[in-house]
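Written below as C-alpha cells is the structure these notes are about.
So that the names make sense, note that chain A is the first sequence line, chain B the second, and so on, each numbered from 1. Atoms considered below: every heavy atom in the structure, side chains included; atoms not considered: hydrogens, waters and symmetry mates.
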Protein chains: 4
Amino acid sequence: MRSESSTEGRRRSFIEEARRRQIIAAAVEVISEVGYAGAALARIAERAGISKGVISYHFAGKDDLMAQLVIQLYVSAGEYMGPKIGAVETARDQLLTYLATNLEFIDANRTYIAALHQVVLNLRDAEGNPRFATSDGEHEIIQPLIEGLIRGQQLGEFGTEFDPAPMAQSMRDAIDGAAVRAAREPEFDVAAYSAHLCRMFDIATRKGERQ
Amino acid sequence: MRSESSTEGRRRSFIEEARRRQIIAAAVEVISEVGYAGAALARIAERAGISKGVISYHFAGKDDLMAQLVIQLYVSAGEYMGPKIGAVETARDQLLTYLATNLEFIDANRTYIAALHQVVLNLRDAEGNPRFATSDGEHEIIQPLIEGLIRGQQLGEFGTEFDPAPMAQSMRDAIDGAAVRAAREPEFDVAAYSAHLCRMFDIATRKGERQ
Amino acid sequence: MRSESSTEGRRRSFIEEARRRQIIAAAVEVISEVGYAGAALARIAERAGISKGVISYHFAGKDDLMAQLVIQLYVSAGEYMGPKIGAVETARDQLLTYLATNLEFIDANRTYIAALHQVVLNLRDAEGNPRFATSDGEHEIIQPLIEGLIRGQQLGEFGTEFDPAPMAQSMRDAIDGAAVRAAREPEFDVAAYSAHLCRMFDIATRKGERQ
Amino acid sequence: MRSESSTEGRRRSFIEEARRRQIIAAAVEVISEVGYAGAALARIAERAGISKGVISYHFAGKDDLMAQLVIQLYVSAGEYMGPKIGAVETARDQLLTYLATNLEFIDANRTYIAALHQVVLNLRDAEGNPRFATSDGEHEIIQPLIEGLIRGQQLGEFGTEFDPAPMAQSMRDAIDGAAVRAAREPEFDVAAYSAHLCRMFDIATRKGERQ
DNA sequence: GATGAATGAGAGTTCATTCAT
DNA sequence: CATGAATGAACTCTCATTCAT
C-alpha cells in the first residue's frame, strides 16, 4: 500500500482513498488539539475509530501520513485558488484575488491549516533536515507572486518604486500570519483582515508612491 | 534549584546563572540543528559538555528549560529594544524604531530565534495546551503596538483611515515572517527587508491614504 | 484444507498440490535470500505472485508451511536416495552410495537445502521447543546409518576397531557440513568433496586400521 | 555507551563490563531455551533481572548485543585453545590438539555454543546479508587449519595423498557437528567423540594411505 | 555539585491471522 | 477459491526522569 513517494502512480481504489482521507482527517484533529509531538499514531487511530495497524497499512509510516496531509492541503488550496485567480484579467486584480482567495481558503479550513503549520514546521527527514520548511519550498511558493508583481510593473499597473522580492515576502508573511491567527483564534475575522491586507498592499504597489 | 515558575524569586549565584545560560545556549544550538523533537536532553548535555544530570539540577525538567529559553530571549529583546524606542519622540518614530530594532535584534540572534520559534510552537503543558502560542501571549505582545498606533492617530501623526488592530497584526506578522526567514536563510538581508517594511508601514499609516 | 498434521490422510487434488509446491518454492527462495526471520508471509506471497490469503487457505499457518517445506524435502531426498542405495549389494557399497547420493541430492538442491537448514534450526512449537532439531529427529536419521555399519562389521566387510555410533555421527556431520557449504558458496565443488568423504570414510572403516 | 563497532577503543569500567557480561549471559540462556526468534529483549532483561532499557543502555541495540555474544565466545575460545596448541611441537600434535581443545571448549560451554550457533545463523545486517555465516568468516576460521595441514605435508609428517582444503573442511564440520550435538544432547559424551575424531583424522592424514 | 547507570512508559513498526466480499 | 483490508499483539528503540555514589 505504502505511498512514501507521491509520484508512485499507484492507482488507489475509492474505498482506499476514503480511508486515507479519514485517517488524515483524524490526524488533523489530533494535531490541532495536542500538537505535533503529542500526535501519536495510537491517538490518531483512536480518533479515527480504527486500529493502529491500519495507518501502517495505508501509509508507509507516520512521516508519510504527515507528508500526505501537507500535500493534500496544498493540492486543495491550488484547486480552490487557481481558477479564481485565472478568471481575472489585470495584474492588480490577480494579486488581490490571490490574497483574497488565499484567506478565504484559510478561513474555510482553520483546523486543517493549524495542523499543516505544525507538520510543516516539525516534519524532518532521516538526516534531520526539514522536509517542507526549506528555502526551496519557500522559493517555490513565492516565485509566482514575484513574477506577478514584475509583470504588473512592466505593464505599468504597479509602481516601480518597490522591489518585488521583499514585497512578495511581505505578502506571504501576512497570509501565513493570518493563517496562524485563524487557527488559533476562532473569533478572528478573516474577511475583515483580508480587506485590510488588500487595501494595504493595493496602496503599497501603487504608482507614484515613494515606496 | 528548580525554576518551574519564572517568578520564583530565588536569587541565583553568578556561577549558577552562567551554567543556566550555557545549557540554554546548547539547547539553542541543538534545536536549530535537529528541531524540537530531535532535541533530547542527552544531546543538549553532550553539546554543552556536561552530564544529563546537570540539566535536571538546574532546571525543573525539559519543559522548564525550554520555557526559560523563550523567556530569556524575550527579556533580552526587551532590554535591547526598550531604550531605543524610548529614545525617540514621535509616535511614528517609535513605530518605525520598534520595527527596525526588532529586526536588528532578529538579525543578531538568528539561531536563537530559530530555536525560540520551535519551542514556542511546540511547547505544551500537561493538558496539551500551548504554553506560549496562545491568544493571550499574542495579545500581550501586540497590545503596545496597537496603543502606539491609536496614540499616533489621536496626535494626528497617523491617518485615521486604518484600523489599528489589523495594522498591528500585520506588523507583527511581518516581523515574525522576517524572523523565520532570517533563521532559515543565512543570506537573507534583514537590513534591506527592514527598510522595505519601514517604508511600507510608513505609507500605510499616513494621513489621507484611503486605507 | 489445513494440513497441520502431515498424516491427515486428506487426499489433495493435483491443482491443489501444485499450489502448495508453488508456495513452498516461493518460501524457499525468500528464506534463502533474507533468512528465516525475514521471511514474512507477505513477502512469500508476493514472490509467488499470489495474495497472502492463499497461503492461509492452503496451509494451517506459517509454521505449517515451514514444516511442510521440511517434510517435502525429506521425502524428495528419500525418493532420490532410496532406490540407489537399494541397488547395491555390499554394506560398504551401501555406505558409500549413501554418502554419494546424499551429496548429489544436496548439490542439485542447494537453495532448497539452505532454506531447509534455516527452518530446521528455527522452527519451534508453541512451547518454544525445536520442531525438527531434536535428539529424536537426529536419532531417526542416524539409526539406519548405525545399523548399516553394524551389519558391515558383522559381515566382516568393515573393521571392528571403530564404534558405529560416533562413526555414523561423523558421517552425518560431514554431510550436513557439506550441505551448509553448498548452500553458502555457489562455487563449492560438491562432487570433489563427495570423493574426499568417500575415501576418508572408506579408509576409516577398513579392517586392520587401529581405529 | 553503544559498542556497534568492536574497535571503538572505548575503555569500559569494571562495573560496566560486568553488566555487559551479565546481559550476554542472560541472552545465552534465553536463546538456548527459546531460540533466536523467541529471544526478545524483554525476556532477556527479565532473565537478567533488569529492565529492558538497560540493554539499550549498554549495547547499541539488539543486533549489537548478539554480535558481542558471538565475539566474546570467539575470543574466549581463542584464549583457551591458543596456548595449548602453541605448546606442542609437531604439526600432527598441533592438529590433534586443535581438535581436542576445540572439543574441550565446546564441552565446557554447551549452552553458550548453542546460543552462538543460533546467532551466527540468524544475525543479519540491514541489507539482509548474514553477519557471521559468510564465506569470508568460514575462510578465516579454516585457513589456519589448511596451513597446518600443508606444513605437515611439507615436513613429511603427513601423507600427500589428501587435499588439505577438503580435509580441513571435514575437520571443521566434525567440530561444528559435535558442537550442535553437545548443545542438543546433555548426555552426549564429547570426550569420547573427541577421541574418535582424533583417531579418524590421525589415520586420514597418515603417510602411505591411499587417500 | 556532578555523574551516569537504571528505570519504565510510550513511541513507531512489523506481521501472522482473520474475515467480509 | 481468492482477495486484501483490518486487527491486535509483540517487538525494538528512545528518552525524560530518578537516584546512589
Minimum side-chain heavy-atom gap A:V30-A:V34 below 4.5 Å: yes

CD1 of A:I55 versus P of E:dG12: gap in Å, rounded? 9 Å

Sidechain-backbone polar pair: A:Q22 side chain, A:A48 backbone, donor-acceptor under 3.5 Å: yes

Aromatic ring pairing A:Y74/A:F132, orientation class (parallel under 30°, perpendicular over 60°, tilted between): perpendicular

Atom OH of A:Y57 to atom P of F:dA5: distance rounded to whole Å? 3 Å

Is there a side chain to side chain contact (heavy atoms under 4.5 Å, CB included) between D:L116 and D:I31? Walk through the geometry before answering. CA-CA 9 Å; D:L116 171 108; D:I31 292 170; over 6 Å; no

Looking at A:R43 and A:E33, is there a salt bridge between them, counting it only when a charged N and a carboxylate O are closer than 4.0 Å? no

For atom OH of B:Y36 and atom P of F:dC15, their distance in whole Å: 13 Å

Measuring only the C1' atom in each nucleotide, how far is F:dT21 from E:dG1? A whole number of Å is fine. 13 Å

Rounded off to whole Å, could you give me the CG-to-P distance for the D:D63 and F:dC13 pair? 7 Å

In whole angstrom, what separates C:L123's CG from E:dA16's C1'? 14 Å

Can a side chain N or O of C:R19 be found less than 4.0 Å away from OP1 or OP2 on F:dC1? no

Short side-chain to backbone donor-acceptor contact, C:N122 and C:Q118, under 3.5 Å: yes

By nearest-nucleotide position on DNA chain E, the 5'-leaning member of A:A39 and B:S51 is B:S51

Select from D:I50 and A:G38 the residue whose nearest nucleotide in DNA chain E is closer to the 5' end of that strand. D:I50

Could you tell me if the side chain of C:V28 sits less than 4.5 Å from the side chain of C:L73, heavy atoms only? no

List every contact pair, protein side and nucleotides 18-21 of chain F side both N or O, where the distance is under 3.5 Å.
none

Once you round to the nearest 0.5 Å, how far does OG of C:S51 lie from CG of C:L41? 11.0 Å

Any residue in residues 40-47 of chain B with a heavy atom nearer than 4.0 angstrom to DNA chain F? Just list them by number, or reply none. B:A40, B:L41

The reported gap from CD1 in D:I71 to CG in D:D64 (rounded to nearest 0.5 angstrom) is 8.0 Å

DNA chain E in dot-bracket, Watson-Crick or G-U pairs under 3.5 Å, [ ] crossing, | other strand? .||||||||||||||||||||

Of D:V75, D:V119, D:I24, the one forming a side chain to side chain contact (heavy atoms under 4.5 Å, CB included) with D:V70 is D:V119

Should we say atom CD of C:E46 is surrounded by more than 12 heavy atoms from elsewhere, each under 6.0 Å from it? no

From CZ of D:R20 across to P of E:dA5 the rounded distance in Å is 12 Å

Under 4.0 Å between a side-chain N or O of B:H58 and OP1 or OP2 of E:dG1? no

State, yes or no, whether a side-chain contact exists between B:R20 and B:F59 at a heavy-atom distance under 4.5 Å. yes

Rounding to an integer number of Å, can you tell me how far A:I15 CD1 sits from F:dT3 P? 18 Å

On DNA chain F, nearest-nucleotide positions of C:G49 versus A:V54: which is more 5'? C:G49

Take atom CG of C:D64 and atom C1' of E:dT17, then tell me their distance rounded to the nearest Å. 14 Å

